[in-house]
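Structure first, then comments.
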Amino acid sequence: MTDLTVNLPGMAMDNPVMTASGCFGFGKEYSQFYDLNTLGAITVKAVTAEPRSGNPPPRTAETNSGMLNAIGLQNPGMNKAVAADLPFLEDYDLPVLVNVAGNQQDDYVNVVDHLSRQAKLSAFELNISCPNVSCGGLQFGSDPESAYKLTKAVKNTTEHPIYVKLSPNVTDITEIARAVEEGGADGLSMINTVLGMKIDLQSSRPLLGNERGGLSGPAIKPIAVRMIYDVSQAVSIPIIGMGGVASADDVIELMLAGASAVAVGTANFADPYACPRIIGDLPARMHELGWKSAQDLTGRSWNHCKSPLSTLR
Amino acid sequence: MTDLTVNLPGMAMDNPVMTASGCFGFGKEYSQFYDLNTLGAITVKAVTAEPRSGNPPPRTAETNSGMLNAIGLQNPGMNKAVAADLPFLEDYDLPVLVNVAGNQQDDYVNVVDHLSRQAKLSAFELNISCPNVSCGGLQFGSDPESAYKLTKAVKNTTEHPIYVKLSPNVTDITEIARAVEEGGADGLSMINTVLGMKIDLQSSRPLLGNERGGLSGPAIKPIAVRMIYDVSQAVSIPIIGMGGVASADDVIELMLAGASAVAVGTANFADPYACPRIIGDLPARMHELGWKSAQDLTGRSWNHCKSPLSTLR
Amino acid sequence: MKTADFKVISHRQIADHIFQLILTGEEAANMTEPGQFVHVQIPGKTAPLLRRPLSIADAEPAAKQCTLIYRAEGPGTKQLAAAGEGDVVNLLGPLGNGFTSAPEQDGKAVLIGGGIGVPPLYYLAKRFAASGIALDIYLGFRTKGEVFLQKAFADLGQTTITTEDGSFGEKGYVTDQIKALRGNETFYACGPRPMLRAVQEAAESKAYLSLEERMACGVGACLSCVCESARSVNSPYVKICSDGPVFNSAEVKI
Amino acid sequence: MKTADFKVISHRQIADHIFQLILTGEEAANMTEPGQFVHVQIPGKTAPLLRRPLSIADAEPAAKQCTLIYRAEGPGTKQLAAAGEGDVVNLLGPLGNGFTSAPEQDGKAVLIGGGIGVPPLYYLAKRFAASGIALDIYLGFRTKGEVFLQKAFADLGQTTITTEDGSFGEKGYVTDQIKALRGNETFYACGPRPMLRAVQEAAESKAYLSLEERMACGVGACLSCVCESARSVNSPYVKICSDGPVFNSAEVKI
Ligand SMILES: Cc1cc2nc3c(=O)[nH]c(=O)nc-3n(C[C@H](O)[C@H](O)[C@H](O)COP(=O)(O)OP(=O)(O)OC[C@H]3O[C@@H](n4cnc5c(N)ncnc54)[C@H](O)[C@@H]3O)c2cc1C
Ligand SMILES: Cc1cc2nc3c(=O)[nH]c(=O)nc-3n(C[C@H](O)[C@H](O)[C@H](O)COP(=O)(O)OP(=O)(O)OC[C@H]3O[C@@H](n4cnc5c(N)ncnc54)[C@H](O)[C@@H]3O)c2cc1C
Ligand SMILES: Cc1cc2nc3c(=O)[nH]c(=O)nc-3n(C[C@H](O)[C@H](O)[C@H](O)COP(=O)(O)O)c2cc1C
Ligand SMILES: Cc1cc2nc3c(=O)[nH]c(=O)nc-3n(C[C@H](O)[C@H](O)[C@H](O)COP(=O)(O)O)c2cc1C
Ligand code: FES
Ligand code: FES
């Protein structure tokens, strides 16, 4: 029997596969396809204090093995999220990770404070890495000092565990990772999208309404693997890995790199059944490769003699 | 008639398509396939002061729409390059860009000094962005101050134009670009490969001998386009664009983004005729899109009313 | 909602770059609402990352058949064009909300299609014709070689074809033709934005517009495919994939 | 040197996961040196980024035919396995330096192949047999189901098959078999590294080893496919694609 369970702060998961923020709404749409309880956990779209209208369309473009998005954090705001969107997930028995975004530190603190008191959720994911908004977001993700302060301030606001979502668009991601760990983060999510752009040859203008966008999908998986490999050796808090995951093999690769759980984003779009398919494939694939427990995978690409082993290979 | 010529410092090119460093050796291998004079220019493999043995194999791995390499600057050293490799290109009538790498500033200065006096070449490309060597290289590419100093020192060494090859693995590439422009760079080359990694599921170890590698190919094109778009608006020196170019459309896209010429790397491996094919396709494709001259393409995605126009659309 | 494999019954070119793909599959039984679309996974050894949204041009729910008509333009649709008889195409759908309102009692339905916006109007025209609703059909194309379905539409109602270069039917834009209309018509339009805008302006009475935007999920989860709302204050955008693609003209700013 | 389209004459599975692909094309006329390889562009709607190196298992230059034998293992070779009769496969090659030295006068040629290293030895065996050179052939496989070409080799010389699990032929490794040999044999080997290492150690006389490494360009330009050189000081690596893939055992550290 393959043991798929993983335990992360605030999230006891039946399996290591969860959804990535922004790629699964608040779960409702995909609940038409399968029982959401199949998932290890669910991460919802970014919530901000005020409603956000997002960027003008077009908001997505396809690239080689990837896609660019410039949604721009469109969301109904925390009040409506609490009243209309999050309650839907109360009917399910799975950890809910709420992605939070803002322009300045107080925004994050406000949203976390409000949601901690008003909503049923398992943990927060601080999106300090959205490439698609002009102020806030990404700047926290590239400056260790503000990332540290933000994390600390949010930790003081809530009892819920805090995951900080890191941007790959930095010179040294381990520096930011260490800063937020020091700030008290319970875990990390990585990676957010890679800044990119596509030009429409007909108009000779940037294709996306917001010009630049965030690159996701299989194209960025090698970048994610490298960063998870480096960061997992630099910190001791768990990592939710993401970036181009579309198969059980990809889940295993990100976990071997150092992730404790793995989120699936872009892959949901081509195949709405991506998550249950991957979860279904995992046990056989792990067995083939000689793994008995999902927890054993974490960091094994660099940590060969981690002990105690929960099982021997 | 479509005018394909472009003029860059030290390089008057019949067409905007050149080879990318490290993907074309010193030209000899591909001269078996076609007349190298077809090319706009040629960039040779990095040359260092001393011979370098490079990294242990495996050195390459395929990823989705991309490949990782960790060659590690294997090269015969400047003496042998001058004696045995560069002379081969003297038989051709095309600009030769010599890629130079080193561990510290003096290394670059030495190589440039030596080659300036001993070899026939058109310009230098300073590789301050190789992700595959443990010291030097990338660190110049991520610190504006040392990049500035290096550029300045090399400029004082030679009469030849200097292109500085930028790394995409930085928080703000425009900062480095501005620093090297200030240091006297005549042009920029961008982008070098994106740091990445792949794990071999059978061994659960990093697949490449050097663990991390540089991601190239179509997967990174959106990253290149974004960076060229940003940098071309931040500096006034020309840019040699590269990253995933495999078709005439890709050349046009990078030029619209802001490149004055475009280099082809990874695409040569699947199709040794990639460069002549692309050059052959360019005129018709430009005509279809309403462009009369390659020079007009540069930066047109952001600079609509650049004047004077060499031709009107 | 489901993804389902369909089998290619026939696949042929019907005009310049335009292909008609007839498919059979169980899920066609649910394709009862004209104006809905399917999200098509392009078959091939390596599929493109995203599905491609294509309108349901016709369907025979009882016979479990449906028809897609598309322009092979970019890499995805060009690859789709290579699918042969017996090949399998995976569809997600039917998706979205179609043309759900009939014209008012005794009113006329004016169908206005431009280029690759024409296909969904065919299924609508068939339905209206079957219910005895009078139809005025205006279809615009760039040039003669790109005209398709004109005979099929002519069988269902008064059909006027325009081409931009005058090589077939009336010369000019389809929207020139409708300027004169003022009455109790209800408009049903699908086509390029400028055409829809002209319809929106011209239409004094009701108009239903089918919109397009680049899509990722196709089911309302990713917020890719928005269009500015003419009504809502809090959420200034509607989602074309799940709120539309067909909107009452008064609901959207285009 | 060239890239050239070849047409599939026949393509069939000959053992577990092992496929034999017979191709015809003008360039086969140049495939005269056993041990060379071709760099194969995997056909399909979207090709993988890189070509795949495969040894020339057999060739009839006059008839413009060649044979590749490969294990469908990863995504690329699995996709290749779908190529059908009449399909086109693009080859770059023949590449590299093959087995160019015959055994010494009156000497014996000992061919040692392991698993998917067996194919190039077939073309070599055919050549040697045709020149009247005496052959001892040792082929190692994991298990019975993966054994291939044993009859074809047996027609050319004394052939010993080993399987790791003993399900066919001798149980054990092919290298166990050659330990006893000491004489004027010349060794020709292709297979996994441990096997080649064993041959290198065992061989007192000359040995030629065909090496494998991950490749990008296949023509010596990218420095992907290196192997440590046993000789050179200045350039510590040799390139398997252009200096090899066949090396004198004394030239390489493996
Ligand atoms: C609801 C809806 C219904 C449609 N119905 C039809 C139809 O019946 N017949 C038809 O020919 N076309 C229809 N289209 C347009 C069709 O989706 C695009 O032409 C097609 O996706 C282009 O894909 P490609 O592979 O040719 O281009 P690519 O360049 O490969 O496309 C790249 C990406 O851009 C998207 N894209 C490119 N152009 C468009 C576009 N015009 N609209 C939306 N997305 C686009 C693609 O979906 C893909 O994600 C419809 C679009 C929508 C939104
Ligand atoms: C000179 C030479 C001759 C060869 N001859 C044969 C042969 O006759 N029959 C045969 O079955 N195999 C042969 N191989 C090995 C064959 O190239 C690999 O099995 C094949 O490339 C794997 O591709 P894939 O698509 O199955 O795997 P993927 O996982 O898709 O491969 C990904 C990348 O890794 C490379 N790669 C993976 N495994 C190997 C390997 N073992 N050696 C080299 N590159 C690898 C691929 O070429 C590709 O670039 C030869 C290799 C070399 C270098
Ligand atoms: C359409 C889209 C919307 C996204 N929205 C958010 C978001 O609101 N908050 C966030 O932290 N990340 C967001 N992301 C990033 C993803 O959560 C994920 O980090 C990234 O896409 C990489 O994973 P993938 O390759 O599996 O998609 C979004 C990604 C996409 C494609
Ligand atoms: C195998 C390989 C070797 C490379 N060697 C060098 C090098 O020596 N110096 C350098 O500046 N860039 C080197 N590069 C980077 C390329 O020149 C180029 O910047 C990068 O690959 C992006 O272009 P592409 O996607 O067209 O390959 C190398 C790239 C590859 C794939
Ligand atoms: S395409 Fe995802 S919301 Fe419409
Ligand atoms: S594969 Fe490029 S040098 Fe051998």
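Naming: A, B, ... by sequence-line order, numbering from 1 per chain.
Proximity to chain A (any heavy atom under 4.5 Å) is shown, for B/I199, by both the backbone and the side chain. Contacts between A/E211 and chain B at a heavy-atom distance below 4.5 Å involve the side chain alone, from C-beta outward. Looking at A/L256, the atoms closer than 4.5 Å to chain B (heavy atoms on both sides) sit in the backbone and in the side chain alike.
Interface summary for chain B: among A/I173, A/D200, A/D249, A/I252, the most heavy-atom pairs under 4.5 angstrom belong to A/D249. Contact tally against chain B (heavy-atom pairs below 4.5 Å) for A/A61, A/A257, A/P206: the top residue is A/P206.
Within residues 218-229 of chain A, the residues having any heavy atom closer than 4.5 Å to a heavy atom of chain B are A/P218, A/A219, A/P222, A/I223, A/V225, A/R226, A/Y229, listed by residue number.
Atoms OG and CG, on A/S204 and B/N303 in that order, are 10.5 Å from each other to the nearest 0.5 Å. For the atom pair CG (B/N64) and CG (A/D250), the distance works out to 7.5 Å, reported to the nearest 0.5 Å.
The two residues A/Q202 and B/R285 come nearest to each other via the heavy atoms NE2-NH2, 4.5 Å.
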